[in-house]
Amino acid sequence: MFKTILVPTDGSLLSAKAINAAIEFASGNGSKVIGFTVVEPYPISYLAEGSVVIDPDAYDKEMQALAEARVKNIADAAKARGVTVETEIAVSTSPGE
């Protein structure tokens, strides 16, 4: 029926429910799962003078690690159910796109 199922996550409890449902569905249909999440780059604001500034490199590394943990959760859950899985992480200032 469905050969590939895209499973996006933002790390929320609601997305965790969607992940479980998608993997269960994929398991029953022989589908492949693609785990997907988006990392937002460090927000540069030239109007933020005098505010607390976070190191952009540290921010990027932390967000990348968080994204990797999110897609790893999908991969682990899929593998536990015998579902073929791939993972993707995108970088975008507009995750909805």
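What's counted below: heavy atoms across the whole structure, side chains too, no hydrogens, waters or symmetry copies.
- Hydrophobic clustering, with ILVMFWY side chains joined whenever heavy atoms are under 4.5 angstrom apart, groups Ile19 together with Val85.
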Mind listing the side-chain donor-acceptor pairs of residues 86-97 below 3.5 Å, one per line with the distance, residues two or more places apart or on another chain?
from  : atom 1 : to    : atom 2 : distance (Å)
Glu86 : OE2    : Lys32 : NZ     : 3.0
Ser92 : OG     : Ser94 : N      : 3.0
Ser92 : OG     : Ser94 : O      : 3.2

List, one per line, each side-chain donor-acceptor pair under 3.5 Å for residues 62-69, sequence neighbours excluded.
from  : atom 1 : to    : atom 2 : distance (Å)
Gln64 : NE2    : Glu68 : OE2    : 3.3

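- Placement of Leu13 and Ile74 in two distinct hydrophobic clusters is found when ILVMFWY residues are connected by side-chain heavy-atom separations under 4.5 Å, directly or transitively.
- Minimum interatomic distance between Ser15 and Asp10 (heavy atoms only, all atoms of both residues): OG-OD1, 3.3 Å.
- For the pair Thr9 (side chain) and Thr37 (backbone), a donor-acceptor distance under 3.5 Å is absent.
- Side-chain atoms of Val7 and Ile23, non-hydrogen and from C-beta on, never get closer than 4.5 Å to each other.
- Linking Ile, Leu, Val, Met, Phe, Trp and Tyr residues whenever their side-chain heavy atoms come within less than 4.5 Å leaves Phe36 and Val33 in two separate clusters.
- For Asp76, the salt bridge (charged side-chain N to carboxylate O under 4.0 Å, His left out) criterion is met by Lys72, not counting sequence neighbours.
- Note that CG of Asn20 and CD of Glu24 are 8.5 Å apart. Values are rounded to the nearest 0.5 Å.
- More than 12 heavy atoms of other residues, nucleotides or ligands sit less than 6.0 Å from atom OH of Tyr59.
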